[in-house]
2 protein chains.
Amino acid sequence: MPLIETLAAIVGPTQVLTDAADLAPYLADWRGRYHGAARCIVRPGCAEEVAALVRACAAARVPMVPQGGNTSLCGAATPDAAGEAVVISLARLNRIRALDAANNTITVEAGCTLAAVQQAAAAAGRLFPLSLASQGSCLIGGNLSTNAGGVHVLRYGNTRELTLGLEVVLPSGELWNGLRGLRKDNTGYDLKQLFIGAEGTLGIITAAVLKLFPAPRTTATAWLAIDSPAAALAVLARMQARFGAMLTACELVSGVALALVRRHLPGQTAPLPTTSAWHLLVDVSGADTAPVLLAALEECLGDALAAGEVSDVVIAQTLAQAAHLWALRENISEAQKREGFSIKHDISLPISAIPEFIAATDAALAAAFPGIRCVTFGHIGDGNLHYNQSMLDAADNARLLAGQAAVDRLIHDRVAALGGSISAEHGIGQLKRAELARYRSPVELATMRAIKQALDPLGLMNPGKVL
Amino acid sequence: MPLIETLAAIVGPTQVLTDAADLAPYLADWRGRYHGAARCIVRPGCAEEVAALVRACAAARVPMVPQGGNTSLCGAATPDAAGEAVVISLARLNRIRALDAANNTITVEAGCTLAAVQQAAAAAGRLFPLSLASQGSCLIGGNLSTNAGGVHVLRYGNTRELTLGLEVVLPSGELWNGLRGLRKDNTGYDLKQLFIGAEGTLGIITAAVLKLFPAPRTTATAWLAIDSPAAALAVLARMQARFGAMLTACELVSGVALALVRRHLPGQTAPLPTTSAWHLLVDVSGADTAPVLLAALEECLGDALAAGEVSDVVIAQTLAQAAHLWALRENISEAQKREGFSIKHDISLPISAIPEFIAATDAALAAAFPGIRCVTFGHIGDGNLHYNQSMLDAADNARLLAGQAAVDRLIHDRVAALGGSISAEHGIGQLKRAELARYRSPVELATMRAIKQALDPLGLMNPGKVL
């Protein structure tokens, strides 16, 4: 029987897509940088169907590309151009299987949107803290496969830290039920860690047990004008000492980034009358009443003002004001897109190295590429910068594009020299595969390949990604 | 050249121990349950020496047993009886390599005691939160290799969650430098996860980058009398809602366990005049002043009293009182030891399943083994119980010992039926290897073996442990 008929027998003929028009949305990535081809798209409805599909593809020696919400920024979910692969969409595995409020866990299928998981938690008076720009369309299986980060990592950790158990279809087509909802479990190798962040190259995650948290009663938000990244570190240390885990977000926004938002999104007025080279957006949250939390935040930021770490402060007095401050941060990517072409870098550094990195790398880029502009922002509390480059004069962007490899090299070399990472939260996918091979040691790459070979000896799971 | 001479050439002749008297402390486990034999003990002084030792042993096809403070409760660090193995002691790798206060990280070698790591952090105004009874003698490499837990997991996570980077000598003798101090790093498979909790079966951890935290300014401690484990869950949920991450410990102590402490450690007076079937010991900590934190704790526990969740409360008013309350909890193991023989179980459950588990398993044990006594205590905030059995009349303990396998089976079957774990924080070692094979699925065991085979194809790293 031809493979497509075998697949149709598993999922039903309507869940196997072969028309070019039906395939198109699955074959290009969200940013439009990658375009692939596939034999077909299959849309299984349960984990057992995923397992049967994998067995069928493995028997036919056909590569498989698992796909969630197709929001990867690195082309991790797009098949290659060969047209040999079967794309397995997880979108129909979208059940919330269980929620255990006393255990603070939720068991979800890979095809739930992140927003659906958040909403199910909220309906039970709980918080699922993973929060990303794409949360309305990204699927939790993709979040798991890329170990997604976002704005609350500072308090709650990456997706990896939010995961207690997984259900995975292995490359053999066997279904591994590791859906344990335990905070402590030292029984052999912690296999779930292998699949989290593996971008579908070691198997297909079909479900997960995730941690929930009590929903904070109160959140207080402030926008700070600061002189430098070094001042940002001083404020971060002060706020961590004062608020501990109640400091739930600490975002750095350069004046350049803020100006782009104000230019392209006219409703976004600046929160402070002063212009400043740098800004911080901070959230503190907890179970205190709003007056108590606001008073504590005011006192702490007053001390930061008195110490000269901060030049101006605005504390949101209403939810609408807080939402306005957050919109400034969240609209940076959209403003950049409207501005035109940019080269993006999703990097992380030891937090202590950030001031040195920004000063030295900005200067080196300016020297090597006159007229370049750095749009710098990100999750400074996690050491994660989005460090993007375009030309001050958009007419010069074609020249910058031609030099992209040199820009990447300059930046990534400096990241590596300071002990940083060339992919903090976006992953490797197709985009950074060559860079990974360059910046990781031979022994580390060989060990990764040994793991890949051990679990996927036929090399059929999402080939051409990561390694 | 004979292997021992090769090893002596690497570490120096004084660091290779071959006399029986010198070997003895390395060949028996801390609880005296396991006694092994070895060709020699080698005591390398740096990671490069460890790598050279591993290459030499691998070339000679000689098994290796890495050993830290030899405080395993499962025989994980004791060689088998064959006498073929070389025991590699990590004790001389005891440098604090670096501390980065702004990055909240410390880089330590495997041979540092846990207490030394805690002290180095404290000297920099930081907290390293891992805390165990054996912290003065256990080594951090052992803590990493067993993914150690302890009393602060509720707030800060297991050792795994505290680890940002590792340096590991692979079974090939290659040295992998994964000492990255990054909160976010999505660059391929997260290899460090494999070695954490692998009990030395996949390689030898030589150093780590660990997370530090701002030292909390204030801690408030309370002892609560409660009627049942269900009441403990109600108090836990109430305190998590009120204090969030400021709830740093939540320990369950049965009346039976408390009575043992009072009997065998006469200085340990009970904190409350009432006798109660169950107790909770709780810590809240943060940056509030002591009066503010105490007032919040009093209010929260007052509400718990009013709601009938708690029958009596004492809040420590001094550090000495807090230490006294904690000594009651920490002396349970010592009191049990003085009482005589007991069968120990280190289990975890979904927190919501704990009341059902205790009630049903206590009853089933009483029916199957008349005269049995359960000493139940543990980290209820993590779902981790220490659930130990002995006979009410110590004269009957020989009969219980003869029935240990049946006791284990009854308990572990119930743990498994409720989705729990047969080893929450102690690991597998030699002790629970057969139990692991029983309670984990064939596909999970096969995947673990595939990992072992991929990294240690000669099977020389700590053989006879875990798998």
Side-chain angles (χ1 to χ4, degrees), chain A residues 100 102-103 146-147 149 153 158 161 174 176-177 180-191 193-194 197-198 214 216 233 237 240-245 286-287 348 350-352 382-384 419-428 436 440-441 443-444 447-448 450-451 453-455 466, chain B residues 100 102-103 146-147 149 153 158 161 174 176-177 180-191 193-194 197-198 214 216 233 237 240-245 286-287 348 350-352 382-384 419-428 436 440-441 443-444 447-448 450-451 453-455 466:
Chain A
D100 182 343
N103 196 39
T146 55
N147 185 27
V153 171
N158 297 289
E161 284 84 45
E174 293 170 291
W176 170 53
N177 182 344
R180 299 192 275 272
L182 304 172
R183 259 73 185 175
K184 285 183 172 173
D185 178 23
N186 280 342
T187 49
Y189 309 150
D190 191 3
L191 296 182
Q193 305 294 348
L194 282 173
L233 292 201
Q240 286 182 315
R242 174 61 188 88
F243 291 104
S348 68
I351 296 166
S352 50
D382 314 316
N384 178 192
S421 167
I422 61 161
S423 186
E425 56 178 12
H426 295 171
I428 298 299
L436 180 71
R440 287 291 174 248
S441 63
V443 64
E444 182 159 343
T447 306
M448 288 188 199
I451 299 298
Q453 175 68 23
L455 269 65
V466 184
Chain B
D100 182 342
N103 196 40
T146 56
N147 185 29
V153 171
N158 296 288
E161 285 84 46
E174 292 169 291
W176 170 53
N177 182 346
R180 298 192 276 272
L182 303 172
R183 259 74 185 175
K184 283 182 173 173
D185 178 23
N186 280 342
T187 49
Y189 308 149
D190 190 3
L191 295 182
Q193 305 294 349
L194 282 173
L233 291 202
Q240 286 183 315
R242 174 61 187 87
F243 291 104
S348 68
I351 295 167
S352 49
D382 315 316
N384 178 192
S421 166
I422 61 161
S423 186
E425 58 178 11
H426 295 171
I428 298 298
L436 180 71
R440 286 292 174 251
S441 63
V443 64
E444 181 159 343
T447 306
M448 288 189 199
I451 299 298
Q453 175 68 23
L455 269 66
V466 184

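Every chain is numbered from 1 and lettered A, B, ... according to where its sequence line falls, protein lines coming before strand lines.
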Checklist entry - Are any side-chain N or O atoms of B:N186 and backbone N or O atoms of A:H426, one a donor and one an acceptor, separated by less than 3.5 Å? => result no
Checklist entry - Of all heavy-atom pairs between B:G188 and A:I428, which one has the smallest distance, and what is that distance? => result N-CG1, 3.8 Å
Next on the checklist: I need the residue from A:S441, A:G181, A:P350, A:P216 with the largest number of non-hydrogen atom pairs under 4.5 Å to chain B.
Outcome noted: A:P350
Checklist entry - For the residue pair B:M448 and A:Y189, what are the closest heavy atoms and their distance? => result O-CE1, 3.5 Å
Checklist entry - Counting only N and O atoms by type, is there a donor-acceptor contact under 3.5 Å from the side chain of B:S352 to the main-chain atoms of A:A102? => result no
Item to check | Region of A:S423 in contact with chain B, defined by heavy-atom distances below 4.5 Å | outcome: both
Item to check | Interchain contact, B:L455 with chain A, by part (heavy-atom threshold 4.5 Å) | outcome: side chain
Checklist entry - Looking only at heavy atoms, what is the nearest atom pair of B:K184 and A:S348, with distance? => result O-OG, 2.6 Å
Next on the checklist: Is the shortest side-chain heavy-atom distance between B:L194 and A:L194 below 4.5 Å?
Outcome noted: yes
Checklist outcome for this item: With chain A, the option among B:L182, B:D190, B:I351, B:V443 that has the most non-hydrogen atom pairs under 4.5 Å is B:L182
Checklist outcome for this item: Turns out that what part of A:L436 lies under 4.5 Å from chain B's heavy atoms comes down to side chain
Checklist outcome for this item: Comparing A:V466, A:N177, A:L191 against chain B, the one with the most heavy-atom pairs below 4.5 Å turns out to be A:L191
Checklist entry - Given the options B:E161, B:E174, B:E425, which has more heavy-atom pairs under 4.5 Å with chain A than any of the others? => result B:E425
Next on the checklist: Under a 3.5 Å distance rule, please check whether B:N158 uses its side chain to pair with a backbone N or O of A:R183 as donor and acceptor.
Outcome noted: yes
Next on the checklist: Using a 4.5 angstrom heavy-atom cutoff, name the option from B:I422, B:V153, B:L233 with the most pairs to chain A.
Outcome noted: B:V153
Checklist entry - Of the non-hydrogen atoms in B:A454 and A:A454, which two are nearest, and what is the gap between them? => result CB-CB, 3.6 Å
Item to check | Options A:A237, A:G197, A:G244, A:A245, ranked by heavy-atom pairs under 4.5 Å with chain B, top entry | outcome: A:A245
Next on the checklist: With a 4.5 angstrom heavy-atom cut-off, is it the side chain or the backbone of B:A198 that approaches chain A, or both, or neither?
Outcome noted: both
Checklist entry - Contact part of A:N384 toward chain B, heavy-atom cut-off under 4.5 Å: side chain, backbone, both or neither? => result side chain
Checklist outcome for this item: Bottom line for A:D100: the part with an atom under 4.5 Å from chain B's heavy atoms is side chain
Item to check | Residue pair A:T187, B:R440: steps toward the side-chain hydrogen bond (donor to acceptor under 3.5 Å, both in side chains) verdict | outcome: CA-CA 9 Å; A:T187 49; B:R440 286 292 174 251; 3.0 Å; yes
